[in-house]
Amino acid sequence: MIDIWGRPTSICTQRVLWACTELDLEYNLTLASATMGDQGHISRGHAPYGIVDTAAYQVMNPNSTVPMIKDGSYTLWESNAIVAYLAMEYGAKTLYQNDSRVFSRSIQWMAWTNEHLEPSLHTLVMELVRLAEELRSLEAVEPARAEIARWLEVLDRHLINQPYVCGDTFTLGDITTGASVYRAHLFDACPPGLSNITKWQGKLSKRNGFLRHVAPREFHLG
Ligand SMILES: N[C@@H](CCC(=O)N[C@@H](CS)C(=O)NCC(=O)O)C(=O)O
């Protein structure tokens, strides 16, 4: 049994939970966060789940962020590292065909997602949903959408000749990238006409891990 600390509204936690579902892994999820709770963000007066600011948690994750996992005595933070660990440990064949080139190509797209999509997605989720209205900077919204759109055009061109980010088969790379692109779509940052992305998202949207951990709109817009 793997212990996971996180929250359903965290895109980084969603990656880990989706990977567990792909791999049929049993896990125990402890809700944890310094900024979000059941009702929403702390800036709107809501109580956070907590735990991340305790000394016991910080020994395992000095960043006080989520997600984090504990598998036996092994602790790990950084969601893409966690997804990579789960794939190597429990699903090399399932999530990267046990092929180091496919694994590295997956990591390439996971890093691309963090580098090019996540900062602007963070802006959108904070400014449009999470922050109390008096704290929002709405002038940041359109530049964030434009930045995401620019990179999604790169991804769309990449998907012209292949159904998944690493080729013909679903991999861990599709988990991280797919969840973030879904969020971009919910925040109107996905320009019309990117038909290869639409086809790819259509395939991802049928997977159990996506349906359970990423698809619910309230995980992004709540
Ligand atoms: N790059 C890190 C980011 C970690 C991070 O900032 N996580 C967010 C949630 S996606 C967080 O902990 N937010 C503050 C909180 O919930 O207390 C990862 O991928 O795990």
Side-chain angles (χ1 to χ4, degrees), residues 2-20 27 29-71 74-88 95 106-132 135 144 148 151 165 172-184 186-187 189 209-210 212-222:
I2 295 172
D3 287 308
I4 302 175
W5 287 261
R7 55 177 165 85
T9 50
S10 140
I11 194 95
C12 306
T13 304
Q14 290 170 19
R15 299 168 176 175
V16 172
L17 297 176
W18 182 356
C20 286
Y27 60 83
L29 174 65
T30 300
L31 294 172
S33 173
T35 59
M36 292 281 288
D38 275 335
Q39 304 301 312
H41 195 262
I42 51 170
S43 75
R44 300 196 343 242
H46 302 300
Y49 294 120
I51 295 183
V52 296
D53 46 8
T54 61
Y57 190 89
Q58 287 170 345
V59 167
M60 298 184 285
N61 179 358
N63 309 296
S64 298
T65 51
V66 290
M68 180 184 71
I69 65 158
K70 188 160 189 277
D71 187 10
Y74 183 63
T75 56
L76 192 64
W77 41 266
E78 274 296 330
S79 58
N80 282 338
I82 296 170
V83 171
Y85 165 75
L86 295 175
M88 289 185 97
L95 285 183
S106 297
I107 298 292
Q108 169 192 285
W109 282 104
M110 293 157 80
W112 179 91
T113 298
N114 273 19
E115 184 78 16
H116 298 308
L117 303 184
E118 274 310 315
S120 298
L121 281 173
H122 183 71
T123 300
L124 294 182
V125 80
M126 295 309 288
E127 304 302 338
L128 293 172
V129 176
R130 294 199 177 148
L131 285 175
L135 299 175
I148 292 167
W151 292 105
V165 294
L172 67 157
D174 294 292
I175 294 177
T176 287
T177 310
S180 292
V181 173
Y182 175 73
R183 179 169 277 193
L186 291 182
F187 282 99
F210 177 91
R212 280 177 61 188
H213 304 298
V214 182
R217 295 166 67 90
E218 64 273 21
F219 290 174
H220 308 272
L221 303 174

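Just so we're clear, the structure is a prediction, and the values are computed from it rather than from any experiment. One-based numbering, in listed order, for ligands and for the atoms of each.
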for atom 20 (O) of ligand 1, nearest protein heavy atom and its distance come out as S79 N, 2.9 Å
Atom 14 (C) of ligand 1: closest protein heavy atom, distance to 0.1 Å, is T35 OG1, 3.6 Å
Heavy-atom closest pair (G222 atom, V129 atom, distance to 0.1 Å) is O-CG1, 3.4 Å
Margin query: Just so I know, are the side chains of M60 and W77 near enough to count as touching, which here means a heavy-atom distance under 4.5 Å?
Written below: no
Sidechain-backbone polar pair: S64 side chain, D53 backbone, donor-acceptor under 3.5 Å
no
Closest heavy-atom pair, T9 versus Q14, reported as atoms and distance to 0.1 Å, is C-NE2, 4.0 Å
Ligand 1 atoms nearer than 4.0 angstrom to some heavy atom of S10 are 9 (C), 10 (S)
Closest heavy-atom pair, T113 versus S180, reported as atoms and distance to 0.1 Å, is CG2-OG, 3.3 Å
Here the atoms of ligand 1 under 4.0 Å from any heavy atom belonging to P67 are 20 (O)
- Does the T176 side chain pair with the main chain of L172, one donor and one acceptor, at a distance under 3.5 Å? no
message: Within the 4.5 Å heavy-atom criterion, are R7 and F219 side-chain neighbours or not?
response: no
For R7 and ligand 1, answer yes if some heavy atom of the residue is under 4.0 Å from a ligand atom, otherwise no.
yes
Notebook entry, point to check: Do any N/O atoms on M36 end up under 3.5 angstrom from N/O atoms on ligand 1?
Noted result: no
Q) Between N80 and ligand 1, is there a nitrogen or oxygen pair with a distance under 3.5 Å? A) no
Closest heavy-atom approach to atom 11 (C) of ligand 1 among V66, L76, V16 is made by V66
(request) Report yes or no: does R44 contribute a side-chain atom to a donor-acceptor pair with the main-chain N or O of R130 at less than 3.5 Å? (result) yes
the protein heavy atom lying closest to atom 16 (O) of ligand 1 turns out to be S33 OG, 2.6 Å
The protein heavy atom nearest to atom 6 (O) of ligand 1 is T65 CG2, 3.8 Å
Only one of V16, N61, V52, D3 passes side chain to side chain contact (heavy atoms under 4.5 Å, CB included) with M68, and that residue is N61
among protein heavy atoms, the one nearest atom 3 (C) of ligand 1 is C12 SG, 4.0 Å
closest protein heavy atom to atom 1 (N) of ligand 1 is E78 OE1, 2.9 Å
Looking only at protein heavy atoms, what sits closest to atom 17 (O) of ligand 1 is A34 N, 2.7 Å
